[in-house]
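Notes follow once the structure below has been shown.
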Number of protein chains: 2
Amino acid sequence: MESTVTATKRPDQAECAKAMIPVSDVLALIGGKWTIYVVTALVGGPMRFSELLRHIEGISQKMLTATLRDLEKDGFVSRKVTPSIPPRVDYELTDMGRELREPLKMLSHWAFTNRDRVDAARLKFEAAKLDG
Amino acid sequence: MESTVTATKRPDQAECAKAMIPVSDVLALIGGKWTIYVVTALVGGPMRFSELLRHIEGISQKMLTATLRDLEKDGFVSRKVTPSIPPRVDYELTDMGRELREPLKMLSHWAFTNRDRVDAARLKFEAAKLDG
DNA sequence: CGGAATCCTTCACGATACTG
DNA sequence: CAGTATCGTGAAGGATTCCG
């Protein structure tokens with residue numbers, strides 16, 4: 001079956017090269033400074049604009065608006081306006097938005113299990129720099 | 001055992017809120033414009049600086065240097081100098097760098113299976129904007 | 001309340017030139 | 001060959017003000 005496979009084949013090279021472009025794309029989609037914070041906040045259910053603003057510490061109203069617009073544009077969140085006085089706008093994750101959680105969980109798991117390795121590498125790098 | 005658990009608990013909220021910070025960190029680590037290109041190029045094995053420069057289309061030597069420095073600082077790639085004439089520098093993924101492929105594969109898989117959904121959402125968003 | 005508009009700062013990135 | 005140094009640009013993000 002696999003008698004012709006050589007040890008030097010390295011199929012991952014070409015394979016990953018193709019996959020690289022969409023990865024770059026999705027990174028552009030969720031790579032914004034506040035994107036994952038907004039997505040994560042909405043995982044628990046729909047939220048109003050002002051709720052998000054209070055819930056996500058440090059975000060400005062401008063960036064919240066921009067992030068929500070981008071997420072809406074790409075189909076990750078839906079926007080429902082209730083024309084009352086005062087107006088009410090609810091944001092909610094779409095099905096696709098919720099499915100984002102899977103790859104995000106992978107990333108968070110990786111990040112959590114590797115954070116001290118990264119820290120150690122940084123200290124080592126600093127030390128090596130001082131030694132010359 | 002779990003008689004006190006209510007239906008409105010939504011454990012994902014708090015759970016994700018904690019995981020959010022490291023996700024944001026790792027996104028900052030690999031969020032650079034060229035980072036995944038460099039990592040992907042190195043998946044096939046060690047490479048010299050000039051090889052990477054030729055292999056990664058469009059990258060400048062400044063950005064390649066900067067990206068490699070960042071990756072080295074965080075422990076994703078190792079740098080081996082051979083003081084010959086002309087000098088030779090080889091870059092290679094560390095174990096941790098190789099482990100990055102798993103979450104990256106998740107992202108690429110997600111991106112690939114969802115790219116037309118994103119496109120559709122964008123068209124719909126554009127159309128809705130024109131309708132007013 | 002939920003934005004839009006404006007101004008300003010920072011910084012990532014690109015192009016080019018120079019060096020051990 | 002493998003960088004460093006310098007300059008310039010645009011986009012991202014922050015603070016503030018105004019509006020329906």
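Within every chain, numbering begins at 1; the chains are lettered A, B, ... in the order of the sequence lines, protein sequences first and strands thereafter. Note that the structure is a prediction, hence the values are computed from the model and not measured.
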Q: For S84(B) and P86(B), indicate whether the former's side chain and the latter's backbone hold a donor-acceptor pair under 3.5 Å.
A: yes
Q: Find the distance between CD (E51(A)) and CG (L42(A)) and round it off to the nearest 0.5 Å.
A: 10.0 Å
Q: List the protein contact pattern of nucleotides 10-18 of chain C with one symbol per nucleotide (5' to 3'): B for base contact, S for sugar-phosphate-only contact, - for none; contact means a heavy-atom distance under 4.0 Å.
A: ---BBBBB-
Q) Roughly, in whole Å, what's the span from CE in M47(B) to C1' in dA2(D)? A) 16 Å
Q) Does the side chain of R48(B) get closer than 4.0 angstrom to OP1 or OP2 of dA2(D) through an N or O atom? A) yes
Q: Supply the atom-to-atom distance E92(A) CD to K80(A) NZ, rounded to the nearest 0.5 angstrom.
A: 7.0 Å
(Q) Side-chain N or O of T65(B) versus OP1/OP2 of dG3(D): is the shortest distance under 4.0 Å? (A) no
Q) Does the E99(A) side chain pair with the main chain of M96(A), one donor and one acceptor, at a distance under 3.5 Å? A) no
**Q.** Spacing of E51(A) atom CD relative to dC1(C) atom P, expressed in whole Å
**A.** 11 Å
Q. Angle, rounded to 10°, between the helical axes spanning five pairs at each terminus of the helix from dC1(C)-dG20(D) to dG20(C)-dC1(D)?
A. 40°
Q) Do T35(A) side-chain atoms and G31(A) backbone N/O form a donor-acceptor pair below 3.5 Å? A) no
Q | Donor + acceptor pair across side chains of Y91(A), S78(A) (<3.5 Å) | A | no
(Q) Under a 3.5 Å distance rule, please check whether R98(A) uses its side chain to pair with a backbone N or O of L93(A) as donor and acceptor. (A) yes
Q. T94(B) side chain to F76(B) main-chain N or O, any donor-acceptor pair under 3.5 Å?
A. yes
**Q.** Nearest-Å distance for atom pair CG/P, residues L53(A) and dG3(C)
**A.** 11 Å
Q. Could you give the CZ-to-P distance, from F49(B) to dA2(D), as a whole number of Å?
A. 7 Å
Q) Can V89(B) be reached from I56(B) by stepping across I, L, V, M, F, W or Y side chains whose heavy atoms are under 4.5 Å apart? A) yes
Q) Between Y91(B) and dG3(D), does any side-chain N or O lie under 4.0 Å from OP1 or OP2? A) yes
Q.
Among residues 69-84 of chain A, which ones have heavy-atom contacts with DNA chain D below 4.0 Å?
A. none
(Q) If I take atom CG from residue L107(A) and atom OG from residue S24(B), how far apart are they, to the nearest 0.5 angstrom? (A) 11.0 Å
Q) To the nearest Å, how far apart are I85(B) CD1 and dT19(C) P? A) 18 Å
Q | Shortest side-chain distance from P87(A), nucleotide among dG2(C), dA4(C), dA2(D) | A | dG2(C)
Q) For E57(A) and dG14(D), what is the distance between atoms CD and P respectively, to the nearest whole Å? A) 13 Å
Q.
Using only atom types and a distance under 3.5 Å, with no angle test, would you say the side chain of T113(A) pairs donor to acceptor with the backbone of W110(A)?
A. yes
(Q) Using whole Å, what does the distance between atom P of nucleotide dG2(C) and atom CG of L64(A) come to? (A) 10 Å
